[in-house]
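Position 1 is the first residue of the sequence, and the numbers go up from there. The figures that follow rest on heavy atoms only: side chains count, while hydrogens, waters and symmetry mates do not.
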Amino acid sequence: METKEFNFNGMVLNGFLMLFVNFAVLALSIYGIVSSIIMLDGSNGAQGGWLLGGSILLLIVNIIMWCGLMQLEPNEARVTTWFGKYGGTFSETGFYWINPFYGTKKVSLRARNLDAEPIKVNDKTGNPVMIGLVLVWKLKDTYKALFEVDSQTMANAPQGQIGTDVRSIMNALENFVRVQSDAALRQVAGQYAYDDEDNRTNELTLRSGGEEINDQLEQKLNERLALAGIEVVEARINYLAYAPEIAAVMLRRQQASAIITAREKIVEGAVSMVKMALDKLSTEEIVELDDDKKAAMVSNLLVVLCGDDSAQPVVNTGTLNH
């Protein structure tokens, strides 16, 4: 989206210089008021009246001039308005004075952190999962932040007033980020399964996606938050688990799948060892075995190698002839 933000191009004076001028004008107006009161008590009443009026007017101008002083810290900005019209964004660090008739709203350009609470969503296969994210964001376009979204009236201000302080405005923007991050997280989580439980496909999953899932989440967030002039620095899934109502069932399923996988490995290894033993006996002609004895040997070896309990050997002592 095209930005409408531009730098403030009005008159800007050194704040310390104007501070000295304001004190001088204040002292001059007070001196004029005191002098006019003395003159009113004397014979120069007319001149004293004119002097009193001028001094009061000068004091009013001085009070207005004090309102033009402003101070900005690093990574802060002031958005100016001239009787409702956007007048530019002032972001120079230091102490300055501008026309006091400009309205200003201070905003923070610093990075802010949001740790979203885990929410329940349905993954691609329909399983309910709990997923949470943490993101780092900062304000990039002050015009959009204040005028494209209703951040001012969303601020936590007293009823009937508009929140114009930096804390209220930034809190309102943080609420906007929280709602949009919730929507983006639901959108991304619904496109992928929690896990490839059967290990038969190479599809991307929430559990194994890692950086790819985080990159997609960051992209979706940037698309949604661009309207408010907000840039996502980093977004990551920091919590992922099955919902409590199916967590126990899915745990048993994972355990069963793990047991089946382990058994497959055990059987595969046992068959390989039996084949090696038979080949070794046949090659080195240690003993000649017919098919029945080979079958019995294979059965015994598989029981020993695949069993969970330790084998109990039976010693064959031969046959006694009388």
Only pairs under 3.5 Å count here: list side-chain donor-acceptor contacts from residues 182-193, not counting sequence neighbours, and write none if there are none.
from   : atom 1 : to     : atom 2 : distance (Å)
Asp182 : OD1    : Arg186 : NE     : 2.8
Arg186 : NH1    : Lys120 : O      : 3.1
Gln187 : OE1    : Arg224 : NH2    : 3.2
Tyr192 : OH     : Gln216 : OE1    : 2.7
Tyr192 : OH     : Gln216 : NE2    : 2.6

For Glu234 and Leu135, what are the C-alpha separation, side-chain angles and deciding distance, and is it a side-chain contact (heavy atoms from CB on, under 4.5 Å)? CA-CA 5 Å; Glu234 184 181 20; Leu135 63 90; over 6 Å; no

Under the side-chain contact (heavy atoms from CB on, under 4.5 Å) criterion, do Leu173 and Val149 qualify, and how do the steps go? CA-CA 9 Å; Leu173 290 173; Val149 296; 4.3 Å; yes

Go through Tyr239 and Leu133 one step at a time and tell me if the side-chain contact (heavy atoms from CB on, under 4.5 Å) criterion holds. CA-CA 7 Å; Tyr239 183 88; Leu133 66 82; over 6 Å; no

Determine, stepwise, if the pair Tyr242 / Asn127 fulfils side-chain contact (heavy atoms from CB on, under 4.5 Å). CA-CA 8 Å; Tyr242 282 112; Asn127 292 324; 4.3 Å; yes

Residue pair Arg110, Glu73: steps toward the salt bridge (charged side-chain N to carboxylate O under 4.0 Å, His left out) verdict: CA-CA 11 Å; Arg110 300 178 179 126; Glu73 298 178 358; 3.2 Å; yes

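Between Phe6 and Tyr86, the angle of the ring planes goes over 60°, which puts this pair in the perpendicular group of the 30/60° scheme. Aromatic ring pairs are classed by plane angle as parallel below 30°, tilted from 30° to 60° and perpendicular above 60°; the pair Phe101 and Trp82 is perpendicular.
Here the shortest heavy-atom pairing between Ser36 and Leu51 reads N-CD2, 3.8 Å. A pairwise comparison of heavy atoms in Gln180 and Leu221 identifies O-CD2, 4.1 Å as the closest pair. Nearest heavy atoms, Phe176 versus Ala228: CE2-CB, 3.6 Å. Of all heavy-atom pairs spanning Ala77 and Leu109, the tightest one is CB-CD1, 4.1 Å. Contact between Asn122 and Pro128 at its shortest, heavy atoms only, is OD1-CA, 3.5 Å. Closest approach of Ile169 to Lys106, counting heavy atoms only: CD1-O, 4.4 Å.
Tested against Leu217, the residues Asn222, Ile237, Val232 include a single side chain to side chain contact (heavy atoms under 4.5 Å, CB included) partner, Ile237.
In this structure a side-chain-to-backbone donor-acceptor pair under 3.5 Å is missing from Asn62 to Leu58.
For the atom pair Leu146 CG and Lys144 NZ, the distance stands at 13.0 Å (nearest 0.5 Å). Rounded to the nearest 0.5 Å, atoms CG (Leu114) and CD (Glu174) are 5.5 Å apart. Expressed to the nearest 0.5 Å, how far CG of Leu240 lies from CZ of Arg207 amounts to 8.5 Å. Here the CZ-CG distance, from Phe20 to Asn22, works out to 11.0 Å after rounding to the nearest 0.5 Å. Taking CG from Asn171 and CZ from Arg178, the interatomic distance works out to 9.0 Å, rounded to the nearest 0.5 Å. To the nearest 0.5 Å, atom CG of residue Leu225 and atom NZ of residue Lys140 are 12.5 Å apart.
By the rule that hydrophobic residues join a cluster once side-chain heavy atoms approach within less than 4.5 Å of another member, Tyr96 and Leu17 end up as members of separate clusters. If you chain together hydrophobic residues whose side chains sit under 4.5 Å apart, Phe16 and Val21 fall into the same group. Follow the hydrophobic side-chain contacts under 4.5 Å out from Val79 and you never reach Leu69; the two are in separate clusters. Val61 is connected to Met11 through a chain of hydrophobic side-chain contacts under 4.5 Å among Ile, Leu, Val, Met, Phe, Trp and Tyr, so both are in one cluster. Placement of Leu28 and Ile30 in two distinct hydrophobic clusters is found when ILVMFWY residues are connected by side-chain heavy-atom separations under 4.5 Å, directly or transitively.
Within the 4.5 Å cutoff, no side-chain heavy atoms of Ser108 are placed close to those of Asn75. Residues Trp97 and Met70 are not in side-chain contact: their nearest non-hydrogen atoms beyond the backbone lie 4.5 Å or more apart. A 4.5 Å side-chain heavy-atom check between Arg112 and Met170 finds at least one atom pair inside the cut-off. Using a 4.5 Å cut-off on side-chain heavy atoms (C-beta onward), Phe147 and Lys4 make no contact. Val12 places a side-chain heavy atom less than 4.5 Å from the side chain of Phe90. Trp66 has its side chain within reach of Leu19: a pair of non-hydrogen atoms, C-beta onward, lies under 4.5 Å apart. At least one side-chain heavy atom of Glu212 sits under 4.5 Å from a side-chain heavy atom of Leu204. The side-chain heavy atoms of Thr81 and Tyr102, taken from C-beta on, include no pair separated by under 4.5 Å.
For the 3.5 Å distance criterion, the side chains of Asp115 and Asn238 qualify, holding a donor opposite an acceptor. Side-chain contact of Ser55 with Ser29: a donor-acceptor pair under 3.5 Å is absent, judged by distance alone. Side chains of Glu5 and Thr142: a donor on one and an acceptor on the other come within 3.5 Å.
The environment of Phe95 atom CZ is dense: over 12 non-hydrogen atoms of other residues, nucleotides or ligands sit within 6.0 angstrom.
A salt bridge links Glu211 with Arg236: at least one charged nitrogen is closer than 4.0 Å to a carboxylate oxygen.
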